[in-house]
Amino acid sequence: MYLYFQRLLIDRVRKFLQEQYGLDLPTVVIEQPPKVEFGEYALPLSFELAKRLRKAPRKIAEELVAGIGKIPGFERLEVAGAGYINARLCRAEAALALIKSEFPSLAADRRKILVEHSSINPNKAAHIGHLRNAILGDTFVRLLRCSGYPVDVQNYIDNTGVQVADVVVGFRELEKKTKADIEALIQQPRFDYICWDVYAAASSWYEEDKKNLDKRAETLHAIEEGNNEIAQIADLISTAVLRRHLETMDRLSIEYDFLPRESEILHLHFWDLAFRQMKEKGVLYLESGGKNSGCWVMKRPSALNKKPDELTDDDTKVIVRSNGTVGYVGKDIAYHLWKFGLLGRDFGYCKFYRYPTGVQCWISAMKGEPKHPHFGDVSAIYNVIDTRQAEAQNTVVEALRALGYTNAADHYTHFSYEMVALTPRCASEMGYPLSEDEMGKPYIEVSGRRGFGVKADDLIDRLISSAQKEVDIRHPELPDDERAAIATQIGVGALRYFMLKFTKTSVIAFDFKEALSFEGETGPYAQYAVVRATNIFRKAGLTPEQVLAEAADFGKYLEGETGNEIWEVWLAASKTSTVLEQCITTTEPAYAAKHAFQLAQLFNNFYHRHHILTEADPARKHFLLATAAIARRELISLLAVMGISVPPVM
RNA sequence: GGGCCCGUAGCUCAAUCGGAUAGAGCAUCGGAUUUCUAAUCCGAGGGUUGCAGGUUCGAUUCCUGCCGGGCCUACCA
């Protein structure tokens, strides 16, 4: 609703400027006045035009206000301050429009969008860093879907890399486990936890004696080769850990459609096709001298502006090693050609995991099932990968561009975000030994290699049990299963909100105290606002839908000081679709979280000041109920976009 | 050395394309409940937006330099 009137206003202003002054402004800046009394929109454009028109800003504002005249849905325009133009909506009309508004579909074409997120190495338990990735990614998927885009969700599985090899080494060399032993271990409820420790042990074993690294190389080679016991063990482990990751993420209602694995990219020879294209088009060249002699290399994106004679070995990225093997970035280029349907080869597909919701998750295979959905060949992609891989991502984009796939390159978005780290206090509380140097740092990076980190399932467990205690106290009358379900919703809500409230560029210095909080700017705060609203309708014996269906002219209740206060609730509610659109265009889900909190805050304030059920005037009572219904409706959809459901009671 | 990011209240973070008096939460202190459940609400204190210049009618935001911190910069993934 807010967006609709905003566009209407901008169109009128732009049209007037064109007719009156012959000006064609590409963008008209619009913002919100500091107080609702001033109106819903503020235009600072008079300041901008002052120089071009050689008139005082205030004079221009006056001309604009007089010239534009009446706009449907608006009460009036007025000049404010040194030359702002404030626009006031007709509140009664706007309120009715909001009640009737349906969520606008932004999707222009029906071609699929691909979001890749999670992509956790299948060699150990997922940790808080992976949670941030998955929650950001899943929320972005929900944002796109709720705006009408068809989306495929992919989770890339590096099942043949060094990290899996290290766990295999750990089990075989340190734990002396046979294939049969490992098969038995996999049956344990949290096999990924066992791997967590084994991986850390293997990593420190390498440090004890560099010769131990030979085992890694041997193992890695055997895995890539295939058809041997080591490869079978690696597959056993990585598949079991992958299954655990899916279970962990499913606890947060995070689902995937397809799991492309590196083993298939390797064995289906995706790279050969990519390599051929890249050689033909001169994207790669064979280095003849220097330290990279004998390697096929690409210019680094950071060196794009350098002249040929300024280039050094450091400005090139090795894609194919001198021994002929391809590196990670090369495989990623091939994979991304596939994503855009530019490779000329496809995966086989097998069913892998069925979610309780009925969604089927597929996995890549050499020879797949005959009937399967079509993945890849999409119009746009979003890769949710932390900022440390920015350069690798840029290299892939530049490879696409250099191959002449500019359209693909333009629709490739690295959804970049900062890492989750531990505060030194949190790390030492968890018993991790820190050097003096590290104690003085603002945060300590999570490290799977060192075994430093908060495991995702542990954090979820703690959040749920902490919520459980509260629910048990507050609702002893409810049966066990209902209390458990409520605690789960609250715990998950707290976690998802926590990961979304920070903007992507902010490093999260993780601390249990903050993450476990259910008060203030948290998920449960917003959930609680909805529960309060729901309680009103339950007591009143009405549904919010009934109340909204009978909407009347609320004009007189939206005037004056009290009216202003309540109008703030309506206005915030009306901005939901604007905010969601902003989240998509800026790839920043934090705006949705901030907005949900603000709306919940406004509602809680309203709830406190106006006692609805005891209101004597039936018409006013109806208006107050409608206010609660609108805030509740918008909050529920905002939370749903964040993957947060609302319990029936709290 | 080069590239990217960050520096805002005691702490953790916001601030829409450069706009009106820089806002929240936590913590601290003081209040509010015979009411739709207090996981709530109200109030108070707390700021040279790292420093110095520049552009602008206007800078937390843009530019330059400096200081401090982080990440990347492997023939690892």
Side-chain angles (χ1 to χ4, degrees), chain A residues 27-35 38 42 44 47-48 50-51 56-57 80-84 121 158 160-163 220 262 287 291-297 300-303 306 312 314-315 317-323 325 327-329 331-332 386-392 394 416 418-419 421 423 441-443 445 467 470-471 474-475 490 494 501-503 505-509 511 513-514 517-522 524-525 527-529 531-540 578-579 582 586 588 590-591 594 597-598 601 604-605 607-614 628 649-650:
Chain A
T27 52
V28 176
V29 176
I30 203 150
E31 58 204 43
Q32 212 190 320
K35 288 178 181 168
F38 299 166
F47 303 109
E48 198 185 326
K51 195 164 271 182
Y84 282 94
N121 274 309
D158 181 5
T160 57
V162 176
Q163 295 212 21
L220 197 54
E262 189 174 72
E287 194 79 84
K291 67 167 184 167
N292 297 330
S293 183
C295 298
W296 288 89
V297 301
R300 281 185 197 280
S302 55
K306 290 195 179 179
T312 68
D314 290 335
D315 293 320
K317 174 77 195 163
V318 172
I319 305 296
V320 181
R321 304 179 189 111
S322 56
N323 67 6
T325 58
Y328 157 78
V329 176
K331 281 178 265 189
D332 220 24
D386 79 59
T387 183
R388 286 171 290 193
Q389 294 203 44
E391 202 184 54
N394 288 336
S416 166
E418 269 291 355
M419 61 181 173
T423 60
K441 293 197 169 192
Y443 39 74
E445 229 179 306
E470 293 292 323
V471 177
R474 289 159 205 250
H475 298 284
I490 294 170
K501 73 192 254 191
F502 303 94
T503 52
T505 51
S506 169
V507 175
I508 299 181
D511 196 276
K513 188 173 160 290
E514 248 191 287
S517 169
F518 296 154
E519 288 169 15
E521 196 191 339
T522 66
Y525 177 94
Q527 288 172 317
Y528 185 59
V531 167
R532 285 178 136 183
T534 304
N535 286 343
I536 297 170
F537 292 100
R538 187 168 42 230
K539 283 248 169 156
T578 316
V579 170
Q582 193 188 9
T586 57
E588 181 51 274
Y591 297 134
K594 292 282 171 196
F597 174 65
Q598 277 163 19
Q601 211 173 22
N604 273 330
N605 192 289
Y607 176 92
H608 185 256
R609 288 190 192 179
H610 306 282
H611 198 264
I612 299 173
L613 296 181
T614 54
V649 294
M650 278 176 79

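Computed from a predicted structure; not experimentally measured. Residue numbers begin at 1 in each chain, while the letters A, B, ... track the order of the sequences.
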| query | How long is the line joining CG of A:Asn604 and P of B:U33, in whole Å? | reply | 18 Å
| A:Tyr528 side chain N/O closer than 4.0 Å to the phosphate oxygens (OP1, OP2) of B:A39? | yes
| task | Return yes if the base of B:C4 and the side-chain atoms of A:Thr387 contain a donor-acceptor N/O pair under 3.5 Å, otherwise no. | result | no
| said: Determine whether A:Lys331 and A:Asp158 satisfy the following criterion, salt bridge (Lys or Arg N to Asp or Glu O under 4.0 Å), listing intermediate values before the conclusion. | reply: CA-CA 11 Å; A:Lys331 281 178 265 189; A:Asp158 181 5; over 6 Å; no
| task | Could you let me know what B:G65 is paired to, Watson-Crick or G-U wobble, both distances under 3.5 Å, or none if it's on its own? | result | B:C51
| said: Could you tell me how far B:U40 sits from B:G45 if I compare only their P atoms? Round to whole Å. | reply: 23 Å
| field | Distance test, side-chain N/O of A:Lys441 to OP1/OP2 of B:G70, below 4.0 Å | value | yes
| Side chain of A:Ile490 - closest among B:A39, B:C41, B:A74 | B:A39
| request: Tell me which nucleotide among B:C42, B:C36, B:C57 gets nearest to the side chain of A:His611. | output: B:C36
| said: With a cut-off of less than 4.0 Å, is there a side-chain N or O of A:Arg321 near OP1 or OP2 of B:A77? | reply: yes
| said: Between B:U60 and B:A15, how far apart are the two P atoms, rounded to whole Å? | reply: 15 Å
| Closest to side chain of A:Arg532, choosing from B:A74, B:A14, B:A38 | B:A38
| message | Is the phosphate of B:G3 approached by A:Arg388 (side-chain N or O, under 4.0 Å from OP1 or OP2)? | response | no
| request: For this output row, return yes or no: ring centroids of A:Phe597 and A:Tyr525 closer than 6.0 angstrom. | output: yes
| task | Please state whether the phosphate of B:C75, meaning OP1 or OP2, lies under 4.0 angstrom from any side-chain nitrogen or oxygen of A:Asn292. | result | yes
| How far does the P atom of B:G1 sit from the matching atom of B:A20, given to the nearest Å? | 39 Å
| field | Distance, P atom - from B:G46 to B:U37, rounded to whole angstrom | value | 38 Å
| With a 4.0 Å cut-off on heavy atoms, is A:Ala392 in touch with a base, just the backbone sugar-phosphate, or nothing at all? | nothing
| request: Map A:Thr503 and A:Met650 onto RNA chain B by nearest heavy atom, then report which one ends up closer to the 5' terminus. | output: A:Thr503
| Counting only distance, no hydrogens or angles, is the base of B:U35 paired donor-acceptor with the side chain of A:His608 under 3.5 Å? | no
| Under 3.5 Å on both distances, the Watson-Crick or G-U partner of B:C41 | B:G31
| note | If pairing means Watson-Crick or G-U wobble with both distances under 3.5 Å, then the partner of B:C4 is B:G70
| For the side chain of A:Ser506, counting heavy atoms from C-beta on, which of B:C13, B:A27, B:C75 is nearest? | B:C13
| request: Determine the contact category for A:Gln163: base if any of its heavy atoms lies under 4.0 Å from a base atom, sugar-phosphate if only primed atoms, P, OP1 or OP2 are that close, otherwise nothing. | output: nothing
| Picking from B:C41, B:A39, B:A77, which would you name as closest to the side chain of A:Tyr525? | B:C41
| message | Please give the distance between the P atoms of B:C29 and B:G69 as a whole number of Å. | response | 35 Å
| message | Under 4.0 Å, counting only non-hydrogen atoms across every strand here, what does A:Asn605 touch: a base, just sugar-phosphate, or nothing? | response | sugar-phosphate
| said: Heavy atoms from C-beta onward define the side chain here; which of B:C71, B:C36, B:A20 lies closest to that of A:Leu613? | reply: B:C36
| Now, which nucleotide makes the Watson-Crick or G-U wobble pair with B:G23, with each of the two distances under 3.5 Å? | B:C13
| query | Touch check for A:Lys51, heavy atoms < 4.0 angstrom, all strands: base, sugar-phosphate only, or nothing? | reply | sugar-phosphate
| task | Determine the minimum heavy-atom distance between A:Ala590 and A:Phe502, stating which atoms define it. | result | CB-O, 3.6 Å
| task | Please work out if A:Gln527 contacts a base, only the sugar-phosphate, or nothing of the nucleic acid, heavy-atom cut-off 4.0 Å. | result | nothing
